[in-house]
Chemist: 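What follows is a structure written as structure tokens; I'll ask about it next.
Chain A is the first sequence line, chain B the second, and so forth, proteins listed ahead of strands; every chain is numbered from 1. Just so you know, these numbers use all the heavy atoms, side chains as well, and skip hydrogens, waters and symmetry mates.
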Amino acid sequence: AQSVTQLGSHVSVSEGALVLLRCNYSSSVPPYLFWYVQYPNQGLQLLLKYTSAATLVKGINGFEAEFKKSETSFHLTKPSAHMSDAAEYFCAVTSNFGNEKLTFGTGTRLTIIP
Amino acid sequence: DTEVTQTPKHLVMGMTNKKSLKCEQHMGHRAMYWYKQKAKKPPELMFVYSYEKLSINESVPSRFSPECPNSSLLNLHLHALQPEDSALYLCASSQERGRDTQYFGPGTRLTVL
């Protein structure tokens, strides 16, 4: 079975500071990894995905993530936080084998301090 | 265009009511999903339709009944719900079931009185 662990249910950063949201995965087969963002009372919006091509993945809104197999990690970063980045962020995993479901982490709430 | 639409946006219903949630996508996707999301929790998969064939999460109670009239439409029929069923219900679609990116709709906020 696949799973993801998001370290830190709440992260606060100052506006303009580096954003780092952590995600570690567990998978017995090559994983497909996703980061989604959810603003209050809205659906989930795809930020970026890793599908075994380049290990450094660039997404929307200036976010990027690096797949590190040796560390089983897929951390999300943004060089400079903006107030509009305040939201809930979910890491998720699936695979290319069979009808695997998309398994979500527990989420990280990002707060931006003015 | 990666839009999934859901109606209604908000729904309040009593425990004896029958109501339906609707979801639509025009991306030619062959898999569609219903998720339930409680506050401060990740989405939980309820049902998957792939090529209009249903897969069920065995833990979902029978008071939730999905329907897929065609490959673009997905309904969730609600009957005799309980207050604990109050949640955000999200629809998603993907090109194929499994590895492909799932695109989510804005959700229906359901309150059961």
Side-chain angles (χ1 to χ4, degrees), chain A residues 1-11 21 23 25 27 29-53 57 59-60 65 67 87-111, chain B residues 2-11 21 23-25 27 30-51 53-60 87-111:
Chain A
Q2 300 171 295
S3 65
V4 288
T5 301
Q6 292 184 241
L7 299 176
S9 58
H10 292 89
V11 171
L21 303 183
C23 174
Y25 70 90
S27 178
V29 297
Y32 283 28
L33 293 158
F34 303 80
W35 275 101
Y36 285 89
V37 61
Q38 186 175 34
Y39 299 99
N41 295 311
Q42 294 188 28
L44 277 68
Q45 180 182 7
L46 179 71
L47 278 176
L48 50 81
K49 62 180 179 181
Y50 167 77
T51 57
S52 76
V57 182
I60 63 171
F67 175 75
E88 188 84 22
Y89 292 79
F90 291 100
C91 182
V93 63
T94 186
S95 80
N96 192 26
F97 290 85
N99 288 323
E100 282 285 350
K101 70 173 188 174
L102 188 63
T103 300
F104 290 91
T106 51
T108 297
R109 178 160 298 277
L110 176 65
T111 299
Chain B
T2 56
E3 188 178 26
V4 176
T5 59
Q6 290 187 244
T7 56
K9 192 172 178 64
H10 301 276
L11 178 63
L21 309 184
C23 174
E24 189 168 9
Q25 56 89 12
M27 296 177 276
R30 300 315 303 251
M32 296 186 75
Y33 311 78
W34 278 116
Y35 287 87
K36 174 183 178 181
Q37 186 180 26
K38 301 285 278 185
K40 303 185 189 302
K41 298 289 187 183
E44 299 174 48
L45 183 64
M46 301 175 73
F47 304 104
V48 182
Y49 272 95
S50 179
Y51 288 87
K53 290 183 64 176
L54 173 64
S55 296
I56 299 174
N57 180 341
E58 297 293 336
S59 67
V60 176
L88 182 67
Y89 288 85
L90 295 165
C91 175
S93 71
S94 63
Q95 187 65 43
E96 300 286 342
R97 184 182 174 185
R99 68 174 189 231
D100 289 336
T101 300
Q102 291 186 27
Y103 295 94
F104 285 79
T108 294
R109 174 69 62 188
L110 174 67
T111 303

Chemist: Among B/Gly105, B/Gly107, B/Pro106, which residue forms the greatest number of heavy-atom pairs with chain A at distances under 4.5 Å?
Modeler: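 So the answer, after comparing B/Gly105, B/Gly107, B/Pro106, is B/Pro106.
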Chemist: Between OG1 of B/Thr101 and NZ of A/Lys49, what distance do you get to the nearest 0.5 Å?
Modeler: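 It is 3.0 Å, given to the nearest 0.5 Å.
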Chemist: Would a 4.5 Å heavy-atom cut-off, applied to side chains only, mark B/Gln102 and A/Tyr36 as touching?
Modeler: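 The answer is yes, as the side chains (C-beta and beyond) meet within the 4.5 Å cut-off.
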Chemist: Within a 6.0 Å radius of atom NZ on B/Lys41, are there more than 12 heavy atoms belonging to other residues, nucleotides or ligands?
Modeler: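 No.
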Chemist: Working to the nearest 0.5 Å, report the span between CZ of A/Phe104 and CD of B/Gln37.
Modeler: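 Taking CZ in A/Phe104 and CD in B/Gln37, the distance rounds to 8.5 Å.
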Chemist: Which pair of heavy atoms, one from A/Gly105 and one from B/Pro42, lies closest together, and at what distance?
Modeler: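 Taking every non-hydrogen atom into account, O-CB, 3.2 Å.
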Chemist: Taking ring pair (Phe, Tyr, Trp, His ring centres under 6.0 Å) as the definition, give me every residue that meets it alongside A/Tyr50, ordered by chain and number, with sequence neighbours left out.
Modeler: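 A/Phe67.
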Chemist: Please flag which part of B/Tyr35 lies under 4.5 Å from any non-hydrogen atom of chain A: side chain, backbone, both or neither.
Modeler: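 Looking at B/Tyr35, just its side chain touches chain A.
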Chemist: If you check every heavy atom in residues 40-48 of chain A against those of chain B, which residues fall under 4.5 Å?
Modeler: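 Residues in range: A/Asn41, A/Gln42, A/Gly43, A/Leu44, A/Leu46.
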